[in-house]
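See structure below.
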2 protein chains.
Amino acid sequence: MKNNTVTIHDISKALGIDSSTVSRALNNSDRVSKKTKEKIFNKAAELGYQRNSLASKLRTNRTNTIGVIVPRISRHFFSSVIAGIEETAYKAGFDVIICQSLESVDREKKLVETLLSNRVDGILISISMETTNYEHLNNYKKNGYPLIFFDRPCNVSENTNVIIDDFKASFEATEHLIKRGCKHIAHFSGPQNLELYQNRKSGYLKALQKYDIPFSETLVIETQLMQQDGITAAKEILKLPKVDGVFSANDTAAISAIQYLKNQDVKIPEDIAFVGFSNEPISAVIEPSLSTINQPDFEMGKVASSLLFEQIKNKKYASENQTKILTPSLIIRNSSKF
Amino acid sequence: MKNNTVTIHDISKALGIDSSTVSRALNNSDRVSKKTKEKIFNKAAELGYQRNSLASKLRTNRTNTIGVIVPRISRHFFSSVIAGIEETAYKAGFDVIICQSLESVDREKKLVETLLSNRVDGILISISMETTNYEHLNNYKKNGYPLIFFDRPCNVSENTNVIIDDFKASFEATEHLIKRGCKHIAHFSGPQNLELYQNRKSGYLKALQKYDIPFSETLVIETQLMQQDGITAAKEILKLPKVDGVFSANDTAAISAIQYLKNQDVKIPEDIAFVGFSNEPISAVIEPSLSTINQPDFEMGKVASSLLFEQIKNKKYASENQTKILTPSLIIRNSSKF
DNA sequence: TTCAAAAATACAATCGATTGTATTTTTATT
DNA sequence: AATAAAAATACAATCGATTGTATTTTTGAA
């Protein structure tokens, strides 16, 4: 089977011009005269030439491509981060390869392998919930490979992280519930191997402590925070005495819990007030609308990718451990109105 | 700047074995003895060898990668289709490059260029709302390049399309409104350059016709069906006399319209009943929950990618024009309850 | 017109892996 | 032990573009 794609050599032969000159012309090098460039451009168009990026990348050892690994692209937060990344990348002339780990470490490992074997110039990653071991990432990081963690940080070694201030936001969310009058506040918590969920829990605890609210471990319900988990958690708190407020570490679980509780004739926020986390679009339109934490998602994408491009351009930064902390904000809606 | 990545030649030198043998060993060819394979595997692991896919792809002229272009990954429908595609691709040993056109033709064109220059083995595309001209796609299709349209079909020439039966679903949705008692049904319509929106409108018209419901062009409000468009459309129908039902060509516009109308003290469904299209997750949880058309999204991804892999394996299929039609279903919820 | 400098173009090696063919080594048969 | 067949390995070209260096052509100043 003959391959009929057009190469610079076809152009070269057709015009009797060396392929090196053709290559330079197509890259608009000033080592080629205007006249020959013209000829080459025309012939290239005529033959339907299309550069083979694989060959180019192989030769130059530069792909102008970065990889992004997120748990799920369908999560609004992540697709917004990706939008921010793509905007920055576009300006910098980089392509972006988007991958989803689906919260599986195995998949994550394979994705990293694939990205690296395709020689992306750098990787932005928000690790999966299952990820507890960072070897698959740190090996490459050690080689000075540009790698940046966002949203879900990795602090086991020197890394660059772009995160939001989960502790502060969670503190504020909980404080808001307290000021509103809640006395028995439960917390829907996520996997504690993710620092992010540790921080959200800490913020919650800190607020209780500040206001001298008695705390019991039974108030913390740790799940994967999926839709089904919200229902399970809702059932849990109904068993507990007097829970009148819930700070959920994400919106998804809060929303399904609210739905369930409403069906059980629990009044939101009168009986139980809710604050979620993430500001999923759905939160604004459910009934009652969900108070939540808005994260600077788009900005996070821009910041993380800008840092990555800096590292790519200037390798020395790659070894520097820096953490950028972005500030989220509390949005008060009906689920926690007075 | 020296490049310190490990190649098969490093392994070759370290062991005194020819690089061709190393390559064959790493590909588990049976032309290499077990003993040497062992040695090579060990050395590869020791040196931290990682295949350079670029070189491999260049040489073999096979990338085992397909490209997917969708308008937006954040749309639930598309991320579900992608999930279906990825599942099939994974089984077939293919990688998937996900791209979003953001409904811009220019971006779409660039994405196609990039995918082709990276020599993906085939492309799955759901065209942007702006796309009216298919040259950027048909040129490649003519070369026998495997290309499949899904959801938003392209019938200007011989193409393979995977679509849902928009006409039938829209007919049923409208019929449902009629049977429910609606007499003045408006239609939120999308860009008519997309066949999909033509079909949805046709189904709506057909239903009106079947039940002898008088029709006026003012009842059809054509927009981009974004959130803001829903509000605009809602204002429109308030100006019309007696509109008591709306069939919206997507959920997004329906939802924002409902929100707006509720604020204007219009009762849904008592005053105006609504049926949307797409079954976005949000539709199930808003108040009232939105009746809508559920699309077999995941299945669509599986079907489209299976077809593509067939075309890739067996080029002769590529020239065959076939259209697969999947059947959606009406979900009746509170926004159109009796 | 001459000739050095500058501009334009050609030559050839290279990126890393693959693969058809050639050569060497091993195995098995007589 | 001799030898053909089979197995294992080595050689060398190749995929398509890039790039350092060499060569040719053009330009312009003397």
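On a predicted model such as this, the values are computed, not experimentally measured, just so you know. First the proteins, then the strands, lettered A, B, ... as listed; each starts at 1. Note that these values count all heavy atoms, side chains included, but never hydrogens, waters or copies made by symmetry.
- Two residues, B/L54 and B/T21, neighbour DNA chain C, and the one matched to the more 5' nucleotide by heavy-atom proximity is B/L54.
- Salt bridge status for A/R72 with B/E86: absent, with no side-chain N to carboxylate O gap under 4.0 Å.
- Between B/S20 and D/dC11 there is no side-chain N or O to OP1 or OP2 distance below 4.0 Å.
- Within residues 33-51 of chain A, the residues that have a heavy atom under 4.0 Å from DNA chain D are, in order of number, A/Y49, A/R51.
- For residues 22-45 of chain A, the salt bridge (charged side-chain N to carboxylate O under 4.0 Å, His left out) pairs, not counting sequence neighbours, are A/K43-A/E46.
- Atom CZ in A/R119 sits roughly 9 Å away from atom C1' in C/dG16 (whole-Å rounding).
- Checking C/dA17, C/dA10, C/dC15 against the side-chain heavy atoms of A/D18 singles out C/dA10 as nearest.
- Taking the six-membered ring where the residue is Trp, A/F94 and A/F309 present tilted rings, their angle falling between 30° and 60°.
- Rounded to whole Å, the distance from CG on B/L58 to P on D/dG16 is 7 Å.
- Every residue two or more places apart in sequence or in another chain that forms a side-chain contact (heavy atoms from CB on, under 4.5 Å) with B/A44 is listed here: B/I11, B/L26, B/Y49.
- Remark: P of D/dA12 and CD1 of B/I8 are 16 Å apart, rounded to the nearest angstrom.
- Rounded to an integer number of Å, the gap from B/L15 CG to D/dA10 P is 10 Å.
- Considering only side-chain atoms of B/T7, the nucleotide from C/dG16, C/dT9, D/dA17 that sits closest is C/dG16.
- Here C/dT19 presents its C1' atom at 14 Å from CG of B/D30, a figure rounded to the nearest Å.
- With the nearest nucleotide of DNA chain D identified for both A/H9 and A/R24, A/H9 has the one nearer the 5' end.
- In this structure, A/I17 reaches the sugar-phosphate backbone alone: every heavy-atom distance under 4.0 Å involves primed, P, OP1 or OP2 atoms, never a base.
- A/D297 meets the side-chain contact (heavy atoms from CB on, under 4.5 Å) test with A/H76, A/F77, A/S80, A/V81; sequence neighbours excluded.
- Looking at heavy-atom distances under 4.0 Å, B/T60 makes contact with sugar-phosphate atoms alone, never a base.
- Atom C1' of nucleotide C/dA17 and atom CG of B/N64 are separated by 15 Å, given to the nearest angstrom.
- Paired with B/T65 under the rule side-chain contact (heavy atoms from CB on, under 4.5 Å), one option of B/V120, B/L115, B/N118 passes, and it is B/V120.
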Considering only nitrogen or oxygen atoms on both sides, find all protein atoms under 3.5 Å from nucleotides 22-25 of chain D and state each distance.
none

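- A salt bridge does not link A/E113 with A/K109: every distance from a Lys NZ or Arg NE/NH1/NH2 to an Asp or Glu carboxylate oxygen is 4.0 Å or more.
- By the salt bridge (charged side-chain N to carboxylate O under 4.0 Å, His left out) test, B/E195 is found to be paired with no residue, residues two or more places apart in sequence or in another chain being considered.
- Between A/I66 and the choices A/V96, A/I123, A/T88, the side-chain contact (heavy atoms from CB on, under 4.5 Å) rule is met once, by A/V96.
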